[in-house]
Amino acid sequence: MSDFAIDILLILVKLGLIFAVLLTGAAYLVLAERRVLGRIQRRYGPNRVGPFGMMQPLADAVKLLTKEDFIPAQADKPIFFVAPGLAAVTALLAFAVVPFSPPITLFGREVPMVVCDLNIGVLYFLGLSSLAVYGIALGGWASNSKYALLGGIRGLAQLISYELAMGLSLVPVVLMAGSFSLTDIVLAQNPVPFALLNPVAFLVFLISTAAESKRIPFDIPEAENELVAGFHTEYSGMRFGLFFVGEYINMMILGSMITVFFLGGWIGPVLPPIVWFFAKVMAVAFVFIWMRGTLPRLRYDQLMHFGWKFLIPVSLINVIVTGALLLWLKG
Amino acid sequence: MAEGIDVYKRRYGQNPKSLWRDLKGTVEPFYVTLRNMFKKPVTYQYPEEKRTPYPRYRARIVLTRDPEGGERCVACYLCSAACPVDCISMQSSEDENGRRYAAWFRINFSRCIYCGLCAEACPTLAIQMTPFYEFSGRDPLKMVYEKEDLLIADGGKDNEYNFYKHAGIGVANPRGGNEDEYGPVDVRSNLP
Amino acid sequence: MPILTIDNQQIEVLKGTNVLEAAKGLGIVIPHFCYHEALGAVGACRLCAMNFVEGPVKGIQMACMIEAKDEMVITTTDQASQEMRARVIEWLMMYHPHDCPVCDEGGECQLQDMTIAGGHDIRRYGGKKRTYSNQDLGPFICHEMNRCIQCYRCVRTYQDYCGGTDFGVLGTNQRVYFGRFRDGRLESPFSGNIVDACPTGVFTDRTFRYRTRYWDIEEAPSVCPHCSLGCAVIPGGRFRELQRVRGGVNKQTNGFFICDRARFGGGYGNHPERPRVPRVDGAQTTWPEALRALRKRITDLVARHGPGAVAFLGSPRASLEANYLLDSWAASLGSRRIAFDSHWQHDRSARVAAGKLGPRAASLEDIRCSDFILMIGVDPLNEAPMLALAVRQAVRRGVRLAVIDPRPVTLPCAAAHLPLAPEALPDVLEALAGGDIRRLGRREAVLLEGILEQLRAAERPVLIGGPDLLGAAGIERLLDTARLLASEHRPCKVMTVLAGPNSFGCGVLARQGPDFEAILNGMLAGEIKALVCLESDPMTGSSDPARTGMALGKLELLAALDYLPTAAAHHAHLFLPTTAVPESAGVYVNNEGRMLLFSSAMDPGTPISVSGGGDHPPRTFLPATPGSEPRPAWATLGHLQGRRLSLRDIRQAIEMEHPNFAGLSSLTTGGEGKRIADISPPPETAPEIPFPHSEGEGTLRLYAMEDFAGSGELAGYASALAPLRPTPFVMLGALDAKQRSLSDGQQVRLRSELGGVGVALRVVPDLPAGIALVPRLRGTALESYVPGRGHYDCQILSEDEEKT
Amino acid sequence: MKQHEQVLFKNRSPGETAFLETYRKSGGYQGLEKALTKMSPEQVREEVKKSGLRGRGGAGFATGMKWSFFPADKPGEKYLVCNGDEMEPGTYKDREILMADPHQLVEGMIISAYALQIPVGVIFIRYAYEQCSRNLERAIAEAMEAGLLGKNILKSDFSFELHLHRSAGRYICGEETALLNSLEGVRANPRSKPPFPAQKGIFGKPTNVNNVETFANVQHIIAHGSAWFKNLAFTESGSGTKLYCLSGHLERPECFELPIGISLGAVIEEYGGGVWRGRRFKAALPGGASTPYLTAEHLGVGLDFDPIEKAGSRLGTGAVTVFDETTCMVAATLNLNRFFARESCGWCTPCRDGLPFINWLLEKIENGQGEMGDIDMLREQIRNINGRTFCALAMGAMGPMQSLVDLFEEEIIDHIKKRCCPLKT
C-alpha cells in the first residue's frame with residue numbers, strides 16, 4: 001500500500017469520523033438546547049423518548065424523514081431543492097480545516113488531527129461562511145412566498161454585515177499568531193489564549209458568530225412572530241431538516257472556531273487534548289444556548305445599527321491598536 | 001462608533017449611570033436564567049401525575065336539565081352563533097305544549113376549542129362546560145356528539161334555574177301565572 | 001328645499017320631509033318604532049325625541065311629527081333627548097317578557113336593537129307584569145301579545161294600508177290589545193305584512209316558526225315569480241331549504257309590502273317530488289351523460305328530418321337569460337320553431353303589450369299616485385294581488401275607481417262595479433275611445449258616461465286590463481283607448497296584467513315568431529319530432545291541455561328543463577333539473593317592461609330535514625352535497641351550445657342583439673329596475689281563434705278564472721298555501737240560479753265538454769245573465785278549466801236532476 | 001253666605017228642571033231673538049270677544065279668540081260640537097246646568113252656530129248623564145217645535161240642526177280631537193294638532209268645539225251685553241260668573257255659581273262650610289284632578305285664570321277639591337294618578353306606560369318600600385312625561401304630581417324614612 005493510498009484512507013477515515021461526530025453532535029445539540037431551555041424556563045424539556053429523552057433526536061429524524069415533502073406551486077424548483085443542501089454542506093465543509101488535537105503517531109506515522117491543514121485556513125473559513133449566505137438567500141427566494149423572501153433578504157443583509165466584523169476581529173489573531181494556519185494559531189496560544197490577550201477581538205468575534213449562526217437574539221431571518229418561519233417557511237420534511245441540522249452544525253463549527261482562535265484549541269493541562277477541545281466547544285455551545293434562553297430578539301434596525309455603527313468601528317480600532325502594539329513590542 | 005456615542009448621548013444625556021445600567025441590564029439576565037436552571041421544574045408529569053382541575057375548568061360540554069327534568073335547551077341558536085369555530089349545529093322545533101326545544105343538537109368536539117363562549121351565551125344555562133378534559137379520539141366521527149350524548153340528568157351549575165318559569169309566555173306556568181305577573185288582561189272589559 | 005342643521009351637520013331635504021328622515025339622510029339613525037316610511041308618522045311611540053334648539057319649534061319634540069323647515073337647529077346627542085329616549089324604551093320594556101331565546105324575532109328584532117341603541121340596560125321597574133292571552137290567527141301568523149309594545153304598526157298596516165277589516169285595536173290604556181274580535185284566520189290576503197311591520201315578536205310567521213335564526217339565513221334580493229308585477233321579495237334559505245320569504249323594497253313596484261301568495265308560496269322549490277337528477281328515458285343518469293344524449297338526439301333528428309323537426313318552448317317563468325339562450329340555440333340549429341308561452345292568449349297579449357305599451361306603461365307607483373282608475377277585465381286580488389293594494393292606496397286618497405268586469409271583483413277598497421259579459425268588454429273600450437256610448441244598454445251607458453267624464457277630467461288617469469277576459473285583441477284595444485284619451489299635457493297610462501313574471505320579456509323575444517298553436521299543429525301533423533321545454537309545462541299551461549297531451553304523445557323526443565315535478569317533466573324522455581328562483585340569478589321583465597334583477601339566495605340541494613328524516617342530519621360525510629345536481633337553466637343551455645358564458649356575458653349579448661334591453665348589464669340587484677326601450681315595429685296581431693258556442697237549452701257560457709292560491713303553477717306546488725285553496729265551486733248569477741231553482745251553497749253538477757264534476761254553487765247577485773264562472777284549481781277536478789281560453793259551454797244541474 | 005247674582009243657576013230649584021215655559025219666563029231665547037234679528041254674525045262674535053269669556057272646559061282659552069280662528073265666512077260643511085263629556089274627577093257643573101236649565105245650552109249653541117254660520121251641531125254628552133240627556137232631548141224637541149231650531153229659525157234665513165250624541169264612556173273623549181274621532185265612529189284617540197279642529201275637524205271639515213258652560217254663557221252675553229257680563233266678575237281680568245263644584249273634606253260639598261275671582265278661602269269657608277270635622281286645611285285642587293295643588297298659603301288667591309296661574313296652578317274646570325290635614329298626599333296623588341293611568345287611551349308611550357310606572361313608584365313609597373333614589377326617579381319620570389305626550393291627558397296627570405314633589409317633598413321623605421305611611425292610622 002503506497003503512502004498516498006494510506007493518506008487518502010486516513011483522510012477518508014477522518015472525514016467519516018468528523019461526519020459522524022458532527023451529525024450526532026448537532027442532533028444531540030438540539031436535544032441539549034431543548035433540555036437547557038426547558039430548565040431555564042423551569043420545565044423538563046423532552047424527556048419521553050428513551051431515558052432522559054436521549055432517543056429524541058432519532059425520533060425527530062424519523063419524523064422529518066417521513067413527513068410529506070411539500071413544494072409550493074410556483075416555487076423555483078431546482079433552486080428550491082438545492083438551497084437546503086447548500087446551507088448544510090457549507091457548514092460541514094468548514095470543518096475540514098479545524099484541528100482538534102496535536103498530530104498523533106499511529107503505526108509510526110504522524111497523523112495530523114485535521115482533515116486538511118491549509119496554510120490559509122482562516123481565509124478558507126471566512127470564504128465558506130460567506131457561501132453559507134447562499135443557502136438561505138436562495139431558499140428564501142425560491143419558495144415564492146413573501147415571508148420566505150423577506151426572511152431570505154434579511155438573512156442576506158445580516159450575514160454580509162456581520163461577516164465584516166467577524167473578519168476584522170480575526171485580523172489581530174492572525175497578527176498575533178503570524179500565520180493563517182489554524183494549527184499555528186492554536187500553537188501560538190500556548191500558554192495564554194488570545195481571549196485573554198485580546199478580549200475585544202474575542203467579544204466581537206463571539207457576537208458576530210452568534211449573528212452568523214442566526215440565533216437568538218439575532219434570529220431576524222426567522223423571526224417567528226413576524227415572518228412565520230422566515231426563509232424556511234415553505235420547507236418541510238427533510239429539506240427543512242437540512243436547514244435545521246445546518247444551523248446546529250454551524251453552531252458547532254463556530255464553537256470550534258472560537259475555540260481555535262481564542263480559547264487555545266486543544267491546549268490544556270492534565271486531560272488529553274481532544275477532550276479539551278470538545279469541552280471548549282461544548283462550553284461555547286452552552287453559552288449560545290444560554291444566550292438564547294436569556295436575551296430577546298433585536299429589532300432589524302437595531303441589529304444593523306449595532307453591526308455597522310458599533311462592531312465594525314470597534315474591531316477596526318482593535319486592529320490598529322493591536323498592530324501598533326505588536327510593532328512596538330517587536331519593534 | 002463616534003456616532004454610536006452621539007446617539008447614546010442624545011438618548012441618555014451625559015449620565016454615566018445610564019451606561020452602567022445598560023451593561024447591568026444586559027448581564028444580569030444571564031444570572032437570572034442561570035439561577036433558574038438549578039431550580040426544580042414546575043411541570044406535572046401528566047399521565048403519571050394527574051391534576052384535579054377547578055370546577056370552572058372548561059372542557060367537555062354537556063346539556064343540562066331543569067329541576068323538573070325537562071331539557072333546558074330551547075334551541076335559540078345563540079351558542080352556535082357565539083361559537084368561533086362553528087362546531088355547534090341544531091334545529092329548533094316546537095312540541096305540543098308550545099315548548100321550544102332542539103329537534104337535534106350536535107357538537108363536533110373534534111373542532112371544539114373549549115373557549116366557553118357557548119356556555120356564556122346560553123340564556124337558559126343549558127349548555128355548560130365540565131372539567132372532564134381527558135377526551136380525545138382517533139375517529140373524528142366519534143367526536144361528533146348528538147343531543148342524546150350531551151344530555152345529562154342534572155342541572156349542573158345553578159341547579160334551581162328553570163327558564164320557562166321566568167320567560168313570561170306561559171309555557172311552564174299558565175299565561176300570567178308567574179309570580180311577577182298579573183293574570184291575562186280581559187280585553188273585552190273596560191272595568192279597571 | 002329647506003336646509004336644516006342636525007348635530008352640527010347641514011342637510012337640504014325635499015319640502016315635506018320630516019326631521020327623522022332628514023336625520024337619516026345624514027346617517028343619524030334615531031330609534032323609532034311607530035314611524036314607517038309606508039305608514040307615515042303618527043307620533044305614538046314618542047321614541048324619536050330630538051332637541052330642537054332653534055327654529056319654528058323648540059324643545060324636545062318627536063322628529064317624525066315635525067316637518068323639516070329652514071333654520072332648524074337640532075341636536076340628538078344632548079342629555080335631555082337621550083334621557084327621553086332611554087325612558088321611553090324603559091317604559092316600553094316594562095312588561096316585555098324575558099323570552100328572547102324562544103322568540104322567532106330574536107336577532108332581527110327592532111326592539112332589541114332600539115333597546116341597546118336607546119341606552120336602556122337594566123329594568124328598574126319592579127312591579128308585576130301585564131300579560132295577555134293570545135289568539136289563534138290561522139296557519140300563517142303566530143300571535144304573542146305579551147311582547148307587544150303598542151306601536152300600532154300592525155293595525156296601521158292591516159287596516160289602513162291593506163284594507164283588512166277583521167283585525168284591530170281593542171281595549172285602552174296599558175291594556176291595549178291587537179287582535180281579532182275572536183280567534184280565526186286573518187282574512188286579508190295581505191295579512192303576512194304585519195310580520196314585517198311588527199318591530200318585535202308579536203306577529204311572527206307561523207310557517208317559519210322555530211325554523212332558524214336571522215343570522216343563519218342566507219338571503220338575497222329577489223323578484224316574486226307568482227305574477228307579472230315583479231314585486232321585490234327577499235327569500236331566505238338555510239340547510240338547503242327555503243325557510244321564508246319576506247318583502248323587499250322597490251318603490252316603483254310593490255313599495256314595502258307583498259301579498260301572502262308571495263310570502264307563503266315560496267315552497268315550490270322544496271316540493272318533495274322535485275326532480276333533482278338528470279334523467280334519460282326514465283333512468284337517472286349523470287350530467288355529462290344526459291347532456292351528451294340530448295345533444296346527440298337532437299343532432300340526429302336534425303340530420304334526419306332537418307332543423308324544422310325540432311321545436312322549442314320558452315317560458316314566462318324562466319329568466320330572460322335562459323329564454324334568450326334557448327332562442328339562440330334554436331337559431332344556431334336553424335330552427336325557427338320557437339314559442340315562449342304555451343298559452344296562446346297570454347302569449348299574444350304579452351307580445352301586444354311588449355310592442356305597444358311604450359311610455360304609457362303605468363308602474364304600481366303610477367297607480368298609487370293616479371287620480372282616476374278604470375279596471376276592465378281584471379281581477380287584481382286573484383291575478384296580481386299587489387295591484388289591488390296599489391289601487392287601494394289611490395282610493396284612500398279619495399281617488400275614484402271603476403271596475404268593469406263580469407266577475408264579482410273583490411277589492412280592499414270601494415269601487416263602482418259594472419258587471420258586463422266578457423263579450424261586451426271590447427265594445428266598452430271602443431265606446432270609451434270613440435265616445436259613442438249610446439249603443440250600449442241604458443244602465444251601462446249612464447255609468448260609462450260618468451266614467452268617461454271622470455277619465456277626461458282626471459290629470460293622471462290609469463287604465464288597467466288583463467288578458468284572461470280581454471284577450472290579445474282586447475289588450476290592443478285598451479292600449480288604443482289609452483292613446484286616444486291621452487293628450488300632450490295629460491298622459492293616460494295603462495297597466496296590462498300579464499300571465500307570468502317574465503311574460504313581457506318573452507313578448508319582446510317572440511316578436512313576429514310563431515306561437516305555440518303553430519307548433520302544436522306541427523306536432524300533430526308529425527312535422528315536429530322533438531320539443532324542448534324550458535321551465536314550462538305545455539300539458540297544463542296551454543289553453544287546450546287535451547290536444548296538447550295528444551300532440552306531445554306523438555313526439556320522438558320531449559326534453560324538459562325544469563325544477564317542478566310537472567306533467568311535462570314527468571313524461572319527458574330527457575330531463576335536466578334546473579334551479580328554482582331563490583336558487584338562481586337572472587332577470588325578469590315585469591308587466592310594465594321593467595327589467596328586474598334577482599340573485600341567488602341559496603344553493604340547490606336536498607334539505608337536511610329530508611336527508612335526515614326530520615331527525616339529526618345523517619352521520620355520513622360526502623364530498624358532494626346530496627341533491628345539488630340542479631344547475632341554472634342558462635348555464636345548461638349555454639353548455640349545450642358549447643358556450644361557456646357568465647350571466648354578464650349573456651346580458652351583454654342580449655343588449656347587443658336586442659337594443660331594447662339597453663342598460664341590462666348595468667342593472668344591480670335590489671334597485672328599482674329599468675324600463676326597457678320600446679320595440680319597433682310592433683308585432684302583428686294574429687286573428688282570434690274562435691271558440692264554438694252552441695246556444696242550446698239551458699247552456700251557460702262558462703269562464704274559468706284565476707284563484708289567489710289555487711291557479712298559479714308555482715303556487716300549486718307550495719304546500720304552505722294549502723289552507724287558502726278553496727273547495728271547487730261554480731258561480732252563477734242570482735237570476736240564472738233562480739231559473740234553475742238552485743240555491744247558494746247547494747252541491748251541483750257542472751257538465752261541459754270536459755266532462756261532469758260535482759261542485760258547490762255560489763250565487764252571486766250581479767253576475768251577467770247566461771254566464772257561469774269557475775276558478776281554476778290545480779289538483780282538483782277544475783284543473784283543466786284554463787282561464788283566458790274563451791268560454792266553455794256548460795250546464796249546471798242539481799244533483800237530483802243529474803240522477804234522473 | 002253672601003248671595004251673588006245668579007246667571008246660569010237663575011232657574012235652579014232643587015229637584016226640578018226648567019223647560020221651555022219656565023225658561024222663556026226668565027227671559028230665555030231673548031238673546032237668540034236679538035242675535036238673529038238685530039245682529040249680524042260678526043257682531044255676535046265681536047260681542048263675545050268683548051265679553052272676555054274664557055272657555056269653561058278646563059283650558060281657559062278665550063272663546064272670542066277661538067271663534068276668530070274659525071272660517072265662519074267660508075261656505076261648506078261645518079260643525080259645531082258641544083263637549084259635554086264631563087269626566088274630570090270633582091267636576092259636575094255641566095250636570096248641574098243640564099239638570100236645572102238645559103235650554104240655556106240649546107240657545108247658546110244656536111247663537112254660536114249663527115255667529116259661526118254653522119248648519120249642524122252635535123252635543124256630545126257623557127254616557128252616565130242619563131237624566132241630563134233626557135232633559136236635553138226634551139229641550140231640543142221643544143225648541144224644534146217652537147221653531148227655535150231646525151229650518152229658518154224664527155223665520156230668519158238661518159237654519160240649524162242639533163243632534164245629541166251619548167258617549168260610549170271614556171275620559172279621553174273629553175279631549176276635543178278624541179271626541180271628534182269618537183263622533184266619527186273610530187277609536188277615541190286624540191289627533192295630532194295641527195291641524196286644529198277649526199281647520200279639520202269631524203270628517204275633515206271645520207269644526208268648533210266648546211264646553212257646555214261656555215255655550216250656556218253665550219246667550220246671556222248676547223241678551224245683556226258684554227259690559228254687564230264683564231262686570232259680574234270680581235277681578236279686572238276676569239269676566240262673568242263660574243260654577244264652582246266643591247268636593248272633598250268640606251261640610252257642604254255642593255256646586256255654587258259665584259263671580260269669577262272670589263278667593264279660595266272665601267269659597268271654602270263661606271260656601272263650603274269650612275273643612276269638615278273641625279280639621280285644618282291642608283291642600284286643595286282648584287280646578288279638578290288635573291291641576292296642581294294649592295296649599296294654605298294660597299287661600300287668599302282669587303279663583304280666576306290668571307291669579308291661579310301665578311300661584312302655580314290652574315283654574316281648570318273650577319272644581320275645588322279640599323284635603324284636610326289627615327290626608328296622605330302621596331296616597332291622594334296616587335289615587336289621582338291611578339285614574340289617569342286607567343283613562344289613558346293607550347296611544348302614546350309616556351302616558352300609557354309612564355303613568356303606570358309612576359303608580360308603581362308611588363305605591364312602593366306609600367307601602368314603605370321606597371328608597372331615597374325613588375324621588376329622583378319620580379322627578380325624572382315627571383320631567384320626561386310632562387309636555388312630551390301626544391295629548392294633554394298625561395300633562396294633566398303631571399299637574400298634581402309635580403306639585404306633590406315640589407310642595408310635599410318632606411312628606412315623601414317621611415314615607416321613605418319611616419318605611420310606612422306616616423298618616424295611616
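Chain letters run A, B, ... following the sequence lines, proteins first, then strands; residues in each count from 1.
Interface residues of residues 106-114 of chain B toward chain C, defined by a heavy-atom distance below 4.5 Å and sorted by number: R106(B). Residues of residues 62-84 of chain B lying under 4.5 angstrom from chain C, judged on non-hydrogen atoms, are V74(B), C76(B), Y77(B), L78(B), S80(B), A81(B) in numerical order. The stretch residues 141-156 of chain B places L141(B), V144(B), E146(B), E148(B) near chain C, each with some heavy atom under 4.5 Å from a heavy atom of that chain. Applying a 4.5 Å heavy-atom cutoff, none of the residues of residues 25-55 of chain B approach chain C.
By number of non-hydrogen pairs under 4.5 angstrom with chain C, the leading residue of H166(B), R188(B), R99(B) is R188(B). When the candidates A167(B), P123(B), G168(B), A102(B) are compared by the number of heavy-atom contacts under 4.5 Å with chain C, A167(B) comes out ahead. For the set M90(B), E94(B), E179(B), the count of heavy-atom pairs under 4.5 angstrom toward chain C peaks at E94(B). Between chain C and the residues A103(B), G183(B), S89(B), the most heavy-atom pairs under 4.5 angstrom are made by G183(B). Annotation: maximal heavy-atom pairing with chain B below 4.5 Å, among N134(C), V176(C), L170(C), occurs at N134(C).
When all heavy atoms are compared, the tightest approach of R175(C) to V185(B) is CB-CG1, 3.6 Å. In terms of heavy-atom proximity, S93(B) sits nearest to Y210(C) at O-CD1, 3.7 Å. Here the closest heavy-atom approach between residue I169(B) and residue N146(C) is recorded as CA-ND2, 4.2 Å. Looking at every heavy atom in both residues, F163(B) comes nearest to H98(C) through CE1-O, 3.5 Å.
Summarising the local packing, OH of Y161(B) is surrounded by more than 12 heavy atoms from other residues, nucleotides or ligands at distances under 6.0 Å. Atom CZ of R123(C) has more than 12 neighbouring heavy atoms from other residues, nucleotides or ligands inside a 6.0 Å radius.
Comment: R100(B) engages D104(C) in a salt bridge, judged by a side-chain N to carboxylate O separation of less than 4.0 angstrom.
For the atom pair OH (Y164(B)) and CG (D99(C)), the distance works out to 9.0 Å, reported to the nearest 0.5 Å.
Contact of N173(C) with chain B is not made at all, since no heavy-atom distance falls under 4.5 Å. Looking at F181(C), both its backbone and its side chain come within 4.5 Å of chain B, counting heavy atoms on both sides.
Formation of a donor-acceptor pair under 3.5 Å by the E181(B) side chain with backbone atoms of K128(C) is not found in this model.
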